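Numbered from 1 within each chain, the chains take letters A, B, ... in sequence-line order. These numbers come from the heavy atoms of this one structure, side chains and all, not from hydrogens, waters or symmetry mates. Keep in mind that what you see is a predicted model, and the values were worked out from it rather than measured.
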Amino acid sequence: MTTLLRDDIAAAIKDGLARASTELGWPKVDGVPIEVVRPGNPEHGDYASNIALRLARQARMSPRDIAKAIRERVRVAPPIAAVEDLSGFVNVRLDEKWLAAQVDEIARAGAEFGRSKALAGKRMQVEFVSANPTGPLTVANARGGPLGDVLSSVLEFVGAAVEREYYVEDTGTQFDTFGRSIAIRYRQLHGEDIEVPEDAYPAEYVKDIAAEIKARDGDKWMKLPLEAQAKRFAPEGVEWVLREARRVTAMLGIHYDTWFSQAEMMRSGYFEKTLAELRKLGKVYEKDGAVWLQATEAVDDKEGWVLVRSNGDPGYLGKDIAYHVQSLRERGFDKKIDIWGSNTHYHLIQMRAAMKALGLLDKFEVVLYQYVRFLHEGVLKRMAKRSGQFLLLEDVIEAVGKDATRYFFLQSSADRQLDFDLELAVQQSNENPVYYVQYAHARIASILRTAAERGITSDGGDVALLTEKGELDLVRLALRLPELVDDIRQHYGVHQLTTYALELAGAFHGFYRDHRVVDEADAPRSKARLRLVQAVQVALRQTLGLLGVNSPDKM
RNA sequence: GACCCGGUAGCUCAGUGGAUAGAGCAUCACACUACGAAUGUGAGGGCCGCGGGUCCGAGUCCCGCCCGGGUCGCCA
């Protein structure tokens, strides 16, 4: 399957339109794309096009006449069985023999089903989570995990070479503060009466890190002044955090290709190089001893944003621009997709302005997800590492498992805010829709086992025997997966996969009720239906695979 | 004040400008001596926040307003 079914249908309609246009002497109607959708109402066929409605004004004809003229000229040949026109729509019905034959195609394709080469040859970097390396992963900053991981999987599925990247921000103020926080705890552990200042990280894990250092080195560092200790301990703290991040993301089934260090980027000289380029472009100015980027895209009254602080330290924006330039130029990615929390939306405005100035805007994409709050003592709260108030990702995974955790994050669109109630999540984990989908998969596996025990397999099954609506509707649904994957390639709405999984599983459960698959009295039909449920299983497995969720044969 | 996201069934949410707005949960009533009941069938439940506009057609696009969340730092 090299092209998408809907594209084939659209091409057939376009061909019909072209013929109608020449035969009837219509004015030129170039440039109008043929859109094809799956109508919600089955009476309207398998695909519908609104082309006649779109053309009506321009052609100064009634939509019905246009639709009729097109309908009469669309070539009817598999996969198309019939073309109808109704209220200005051109509706297409798929050929049922052709549909049945797709069962073999899908079952045979197996792990290849749904794949494409749409992005073959493209190198893409998907950067996600990348939380400040100053504490463990919380449910808030973890939301980017499943989003980024599944998007990466989909992009790979359509042929791209994808690198999953965790950007380690191991320079800057927060990094220094983290080191100082550890140093203070270290001193406290040695009996020093020193308070934790307000801007430090107060949480318990900071003590754990300090205790680890003490256990290993004793009072070896006590003679150093605080700032020197901070410098010494910050990288150790980051090591600890990254070790945790690696472990916990792995629990979620996420495996990064690169853990890219900001410090390393700074050492590469890219920061200065990028600054020089921006300066050359005339996008940079000096004020109050700092270096600023001109806010050409500003949506408010700001004139610019700081790239280098007046104390000489590189600012976050400057570093992030340089990091992106390095990824897209030196590291050679055709596209960099960042999965960011919505609190960075102002940063995104700044980044877009910078990327535009540098001519890299078309290679820079961001998926913003809204924040996750959590229920703490009955009250919804935002999480913040610096306030020491958060719900650990690890605790959630341990409570409800990897699959339910991933599914929870992937159910709603990134644009929607999530509220997390751990108690409720545990209580409801058995009702997580992921099990509904997995159950469909396991049920099919069970049917195949039972059939095999009774000496019936799908071998030699003739899918031409699949003629019932209930049977063919399953095929129709399965065939939607490649199109859905292509939608996600374009719009990044990975949550649609969970909706689809639910729909396919539901369709199968309904089919199961009405149709006996294994029937010793009718071996040919059994074989054909076994083939069918195998195809459904393939579609389910492919979908769950993209979601990073298991496809169990037994539950 | 400016900008971003959300407001759809009691709850949680789907819904690429199309034709009669969907699912899960919850409630009620049913269905296992049949391939897995973690299932299925049926019922009830909707001014798609409000008001304008564009369009042949608006839950979807535009404008205004209301409500909830977020952001606007020489932090990251």
Closer than 4.0 angstrom, basic N to acidic O: yes or no for A/Lys527 and A/Asp459? no

What does A/Asp553 touch in the nucleic acid at a heavy-atom separation under 4.0 angstrom: a base, only the sugar-phosphate, or nothing? base

side-chain contact (heavy atoms from CB on, under 4.5 Å) test vs A/Leu418 passes for just one of A/Arg143, A/Arg373, A/Gln411, namely A/Arg143

Toward the 5' end of RNA chain B, by each residue's nearest nucleotide, A/Pro433 or A/Tyr47: A/Tyr47

State whether A/Lys302 places a side-chain N or O below 4.0 Å from either non-bridging phosphate oxygen (OP1 or OP2) of B/rG73. yes

From C-beta outward on A/Val306, which listed nucleotide comes closest to its side chain: B/rC74, B/rA14, B/rC3? B/rC74

Please work out if A/Asn343 contacts a base, only the sugar-phosphate, or nothing of the nucleic acid, heavy-atom cut-off 4.0 Å. sugar-phosphate

Please determine, for the side chain of A/Glu431, which listed nucleotide (B/rG18, B/rC25, B/rA14) has the closest atom? B/rC25

Once you apply a heavy-atom cut-off of 4.0 Å, does A/His495 come out as touching a base, just sugar-phosphate, or nothing? sugar-phosphate

Is A/Tyr439 stacked on the base of B/rG36, meaning ring centres closer than 5.5 Å and planes within 30 degrees of each other? no

Side-chain N or O of A/Ser87 closer than 4.0 Å to phosphate OP1/OP2 of B/rA19: no

Side chain of A/Ser310 only, heavy atoms from C-beta on: which candidate in B/rA14, B/rC74, B/rG36 is closest? B/rC74

Pick the P atom in B/rU20 and in B/rA31, then give their distance to the nearest Å. 37 Å

Touch class at under 4.0 angstrom, heavy-atom based, for A/His441 against every strand present: nothing

Given B/rU16, B/rG6, B/rG18, identify the nucleotide with an atom nearest to the side chain of A/Gln496. B/rU16

What does A/Asp487 touch in the nucleic acid at a heavy-atom separation under 4.0 angstrom: a base, only the sugar-phosphate, or nothing? nothing

Nearest to the side chain of A/Leu86, which nucleotide is it out of B/rA19, B/rU16, B/rG18? B/rA19

Looking across every strand, which nucleic acid part, if any, lies under 4.0 Å from A/Ala442 by heavy atom: base, sugar-phosphate, or nothing? base

If you go through the side-chain atoms of A/Ser446, does one of them form a donor-acceptor pair with the base of B/rG36 closer than 3.5 Å? yes

A/Tyr346 side-chain proximity, nearest of B/rC72, B/rC74, B/rC35: B/rC72

Base, sugar-phosphate alone, or nothing: which one does A/Asn141 contact when heavy atoms must sit under 4.0 Å apart? nothing

What contact category does A/Gln370 fall into here, base, sugar-phosphate, or nothing, at under 4.0 angstrom with non-hydrogen atoms? base

With heavy atoms under 4.0 Å as the rule, sort A/His509 into base, sugar-phosphate or nothing. sugar-phosphate

Does B/rG18 have OP1 or OP2 sitting under 4.0 Å from an N or O in the side chain of A/Arg38? no

Just compare B/rG69, B/rC35, B/rA19 and give me whichever is closest to any side-chain atom of A/Arg373. B/rG69

Scan side-chain atoms only and decide if A/Asn91 and A/Tyr47 contain a donor-acceptor pair under the 3.5 Å cut-off. no

Across the strands shown, which category fits A/Tyr512 at heavy-atom distances under 4.0 angstrom: base, sugar-phosphate, nothing? base

Which of the following nucleotides, B/rA76, B/rC56, B/rC5, is nearest to the side chain of A/Lys319? B/rA76

Could you pull out the closest heavy-atom pair between A/Ala118 and A/Arg489, with the gap in Å? CB-NE, 3.6 Å

Charged N to carboxylate O below 4.0 Å: is that the case for A/Glu286 and A/Arg279? yes

With sugar-phosphate meaning primed atoms plus P, OP1 and OP2, does A/Ser413 contact a base, only sugar-phosphate, or nothing at under 4.0 Å between heavy atoms? sugar-phosphate

When all nucleic acid strands are considered with a 4.0 Å heavy-atom cut-off, which category describes A/Asp288: base, sugar-phosphate, or nothing? base

With distance as the sole criterion, is a donor-acceptor pair present between the side chains of A/Thr171 and A/Lys319 under 3.5 Å? yes

